Amino acid sequence: MPTGAIATSPLTEFAADVRCGLTKRGQKELPSKYLYDTLGSKLFEAICELSEYGVTRADERVLRAHSREIARRISGDLVVCELGSGSGRKTRYVLEALSRRRRFTYFPIEISRSALAVCERELGDIEAVGIVGLEREYLDGLLEVAARRERGQKIVVLFLGSTIGNFSPPADLNFLREIRHILDAGDWLLLGSDMLKPASQLIEAYDDPLGVTAAFNLNLLARINRELHGDFDLRQFEHVARFNCETRSVEMHLRSRQKQIVTILDADLTVTFQAGETIWTENSHKYAVEELAFIAEAAGFKTDAQWMDQEWPFAETLLRV
Ligand code: AVJ
């Protein structure tokens, strides 16, 4: 290349996704997976400690109460993997129960390197379980696990915490179908899903008075500033959580407090926001019991068993291909 020539490098995937989401006509949006950088993952951990956010504790209670029964239903030689392990705290119950019957390898699949490191450290002491972390997107990681499976081994996929709810219908069904297509007959999926509950309770959970969820949401703009040389003024955006009755989902948005122009150098982008205009950053679908049974079956799974938390309706469903 002659000196002085400027190479226009292709955008990173993050930059391309930001560009695409913020140039959409109508509702601007950003993919929720980008909420989880190092700081975002820590803020999410803090959300899980909030009394208003019952999801994680419910998930953990059901797993703690029923992991032995879950393990009893799953026989034979296994490989276990988890889509979005986070710090892996609630996974411990399942891994310990499964490991009473055989040794196996556990593959946490996680795009956040820092969360993956915590997970490997926290769960590294379980005897009879080898841990191999995969810093990948969910389906890429699952393909890798399927490629590594040995003859006679069944795969157990853990998809906990109601992350499925971030794939707003019908994307949830499509995602389950994609999982199903990577799996073989006899493989397992343990699916955690948050259930429908009163809107007021959901709003408290996603717009907590301490402002942790607001910080979690706003961090997405801070991340764009840090990683893509953006100039978002965080004080000019506010966190909004609303319950959409039609889609039965909690939506998180970031609302522009005034008309403003934002430049994101590395995304090759200048965007105008009108006063009151929002960026849609996350969808958290809340399930009805029949709806879960329907998508599981439509995706090619059979329901083996289901356990529900009584305090904060949350289901753990054991599905089999
Ligand atoms: C980790 C995706 C299950 O949707 O409840 C928490 C993320 N967002 N508070 C959820 C989240 C706002 C969480 N999931």
Side-chain angles (χ1 to χ4, degrees), residues 29-63 82-91 108-112 114-116 118-119 137-138 158-169 171-172 175-176 190-199 201-223 238-244 247-255 278-287 292 309 312-317:
E29 53 186 59
L30 288 168
S32 57
K33 65 176 179 180
Y34 294 116
L35 291 163
Y36 303 90
D37 63 348
T38 302
L39 179 53
S41 297
K42 290 193 169 149
L43 288 167
F44 176 65
E45 293 285 309
I47 288 173
C48 297
E49 302 289 328
L50 299 170
S51 60
E52 295 84 4
Y53 188 76
V55 179
T56 311
R57 281 183 301 277
D59 194 7
E60 205 168 317
R61 272 195 301 272
V62 186
L63 292 176
E82 180 169 11
L83 310 181
S85 59
S87 68
R89 205 175 82 190
K90 55 191 178 289
T91 315
I109 301 166
E110 176 55 67
I111 46 170
S112 164
S114 53
L116 195 57
V118 174
C119 172
E137 298 277 337
Y138 296 153
L158 307 176
F159 194 27
L160 308 175
S162 201
T163 306
I164 183 76
N166 285 172
F167 295 76
S168 11
D172 54 357
F175 186 68
L176 291 186
L190 182 63
L191 181 68
S193 55
D194 199 25
M195 309 306 276
L196 211 48
K197 43 185 73 62
Q201 198 179 356
L202 290 169
I203 295 304
E204 283 287 295
Y206 288 84
D207 189 7
D208 61 279
L210 192 55
V212 183
T213 310
F216 172 68
N217 197 6
L218 281 162
N219 175 56
L220 185 47
L221 303 184
R223 179 181 185 180
E238 67 182 324
H239 168 68
V240 178
R242 55 169 94 118
F243 185 67
N244 184 328
T247 62
R248 295 193 307 288
S249 302
V250 181
E251 298 181 359
M252 286 207 313
H253 293 254
L254 291 162
R255 179 157 57 209
T278 72
I279 311 170
W280 186 12
T281 53
E282 187 186 61
N283 205 56
S284 242
H285 185 68
K286 303 301 165 189
Y287 289 88
L292 264 183
D309 189 61
W312 177 283
F314 184 101
E316 223 69 72
T317 310

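Just so it is clear, the values below take in all heavy atoms, side chains as well, and ignore hydrogens, waters and symmetry mates. When a ligand or atom number is given, it counts from 1 through the structure's own listing order. Bear in mind the structure is a predicted one, so any value in this text is a computation, not a measurement. Numbers here are sequence positions counted from 1.
In this structure, the separation between CG on Leu50 and CD on Glu204 is 11.0 Å, given to the nearest 0.5 Å.
Note: Phe159 and Phe175 meet the aromatic proximity criterion, with ring centroids under 6.0 Å apart. Taking the six-membered ring where the residue is Trp, the centroids of Tyr206 and Phe216 are separated by 6.0 Å or more.
Not a single salt bridge (Lys or Arg N to Asp or Glu O under 4.0 Å) links Glu45 to another residue, sequence neighbours left out. Partners of Glu29 according to the salt bridge (Lys or Arg N to Asp or Glu O under 4.0 Å) rule, which considers only residues two or more places apart in sequence or in another chain, are Lys24. Applying the side chain to side chain donor-acceptor pair (under 3.5 Å) rule to Glu282 yields no partners; only residues at least two apart in sequence or on another chain are considered.
The contact shell of ligand 1, taken as protein residues with any non-hydrogen atom closer than 4.0 angstrom, comprises Tyr36, Phe44, Ile47, Tyr53, Gly161, Ser162, Asn166, Tyr206, Thr213, Phe216, Met252, Glu282, Ser284.
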